[in-house]
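Values below: every heavy atom of this structure, side chains too, minus hydrogens, waters and symmetry copies. For reference, positions follow the sequence shown, starting with 1.
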Amino acid sequence: MDDRVDDRMSDGVAEVGDDVLLTIGAFAARARLSAKALRLYDRLGLLAPAHVDEATGYRYYRAGQAEHARLVALLRRLDMPLARIAEVVRAEGGRAAGLLDVYWADVEARVAGQRTLVEYLRGRLTGRDSDVYGKFVVETVDVPGQVVLSESRHVLADELPTWIGGSLGRLEEAARDCGGVTAAPYVVYHSDVSMESDGPAESCVPVADEAAARAWSEERGRARQTRVRVEPAGRLAYTRITKAQVAYPQILAAFGAVEEWIAAQGLTVTGPCREVYFADWEAAGPEDPVCDVAFPVS
């Protein structure tokens, strides 16, 4: 096929070989996009022209590409990153819709968490922290002594979700050789974890068989410095939060609410704070309760 653009052109329509194509200006008008946006989509591999003139560099499009261009533009209105847009537009049918669903679930989880953070910050800025903390119900619970397999690490806040998921997964797998898991896994914060402070944090999984746990730790736990310790019986002051509220920094409101309640009740904090994960994280939605934010007290 002859790739030269025919000299005959009217209203932005050009002939390239046997094809009738639109100039970038005409196509931009039809797709309701700018020529600048189309050049960006081409550069990122989201929407390639049907033909690029070798001599002039002019881009030409088929009329049928307009729907593809509009899809890209609509996905951009969802603030979807360009790399994820590329995945969606290259997928087909149900898979493309599934990718959209996954992205939007992430957005809703983030927004739900940010809503809590805004309330917390508004309270801080107006000096009405108690109004924010009052949204959390704080209770106490007595917990028995437990044998736990644990893994510790210095970690910053943005690394924390990945590390928690990985470490608890490893420890729960190890627990199969230690009589099984006997209670909800939890993460202890021995010092502050933020974007500037790296803890350390300690992931803990209660197990049934102390002797088997110590044997497992000695034989296979050295690579990640897995250790076994006995957590004494005690009382926890805690508040229950949703999956959306677990995200940092909005989770700080829950910690603040428990600390304020402890002080108001005249109780004493006797150990480092923790997050107790009692639900199936993957199956939970943004508004489902998944975690207790807790402090040991006496």
Side-chain angles (χ1 to χ4, degrees), residues 1-118 158 161-162 165 242-248 250 280-288 290:
M1 182 178 75
D2 186 354
D3 285 342
R4 290 174 300 173
V5 178
D6 194 288
D7 287 339
R8 290 169 298 171
M9 184 185 303
S10 63
D11 297 326
V13 178
E15 294 183 7
V16 179
D18 297 329
D19 289 337
V20 177
L21 304 178
L22 301 176
T23 64
I24 191 171
F27 182 76
R30 181 169 298 195
R32 297 189 292 276
L33 295 168
S34 68
K36 180 179 178 181
L38 291 172
R39 293 187 186 96
L40 174 64
Y41 295 168
D42 179 19
R43 188 165 67 250
L44 296 173
L46 299 176
L47 179 65
H51 173 73
V52 178
D53 189 279
E54 294 182 359
T56 64
Y58 290 168
R59 295 170 169 84
Y60 298 89
Y61 295 82
R62 293 186 177 88
Q65 290 181 281
E67 186 60 31
H68 186 126
R70 292 187 191 118
L71 174 61
V72 172
L74 289 170
L75 291 171
R76 287 285 284 162
R77 294 192 63 142
L78 295 177
D79 292 326
M80 183 179 285
L82 292 170
R84 297 189 74 163
I85 290 177
E87 291 182 37
V88 173
V89 298
R90 290 168 187 162
E92 295 183 0
R95 182 170 178 272
L99 291 171
L100 174 62
D101 289 342
V102 169
Y103 169 73
W104 194 246
D106 290 342
V107 171
E108 289 187 322
R110 184 177 70 251
V111 170
Q114 288 174 329
R115 188 177 301 115
T116 301
L117 176 59
V118 167
D158 59 346
T162 299
T242 66
K243 185 175 182 178
Q245 292 171 317
V246 169
Y248 179 88
Q250 41 265 40
D280 183 339
W281 182 268
E282 296 300 327
E287 301 302 326
D288 292 331
V290 296

Quiz item: Do Glu67 and Arg70 meet the salt-bridge criterion of a basic N to acidic O distance under 4.0 Å?
Solution: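 The answer is yes: the pair qualifies as a salt bridge.
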Quiz prompt | Residue among Val88, Leu74, Val72 satisfying side-chain contact (heavy atoms from CB on, under 4.5 Å) with Met80 | solution = Val88
Quiz item: With sequence neighbours excluded, what pairs up with Tyr61 under the ring pair (Phe, Tyr, Trp, His ring centres under 6.0 Å) test?
Solution: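 Tyr61 satisfies ring pair (Phe, Tyr, Trp, His ring centres under 6.0 Å) with Phe27 only.
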Exercise. Measure the shortest side-chain to side-chain distance between Tyr41 and Arg76 over non-hydrogen atoms and say whether it is less than 4.5 angstrom.
Key: yes
What are the two closest non-hydrogen atoms of [X] and [Y], and how far apart are they?
{"X": "Ala28", "Y": "Ser34", "result": "CB-C, 4.1 Å"}
{"X": "Leu44", "Y": "Arg90", "result": "O-NH2, 4.4 Å"}
{"X": "Ala66", "Y": "Arg30", "result": "CB-CG, 4.3 Å"}
{"X": "Ala69", "Y": "Leu38", "result": "CB-CD2, 4.5 Å"}
{"X": "His68", "Y": "Leu46", "result": "NE2-O, 3.0 Å"}
{"X": "Ala63", "Y": "Leu22", "result": "CA-CD1, 4.0 Å"}

Self-check item: Tyr248, OH atom: more than 12 neighbouring heavy atoms under 6.0 Å
Solution: yes
Self-check item: salt bridge (Lys or Arg N to Asp or Glu O under 4.0 Å): pairs with one or both residues in residues 101-110, sequence neighbours excluded
Solution: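 Of all non-adjacent pairs touching residues 101-110, those that pass salt bridge (Lys or Arg N to Asp or Glu O under 4.0 Å) are Arg84-Asp106.
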Self-check item: Test salt bridge (Lys or Arg N to Asp or Glu O under 4.0 Å) applied to Glu282 - qualifying residues, sequence neighbours left out
Solution: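 Per chain and number, Glu282 pairs via salt bridge (Lys or Arg N to Asp or Glu O under 4.0 Å) with no residue.
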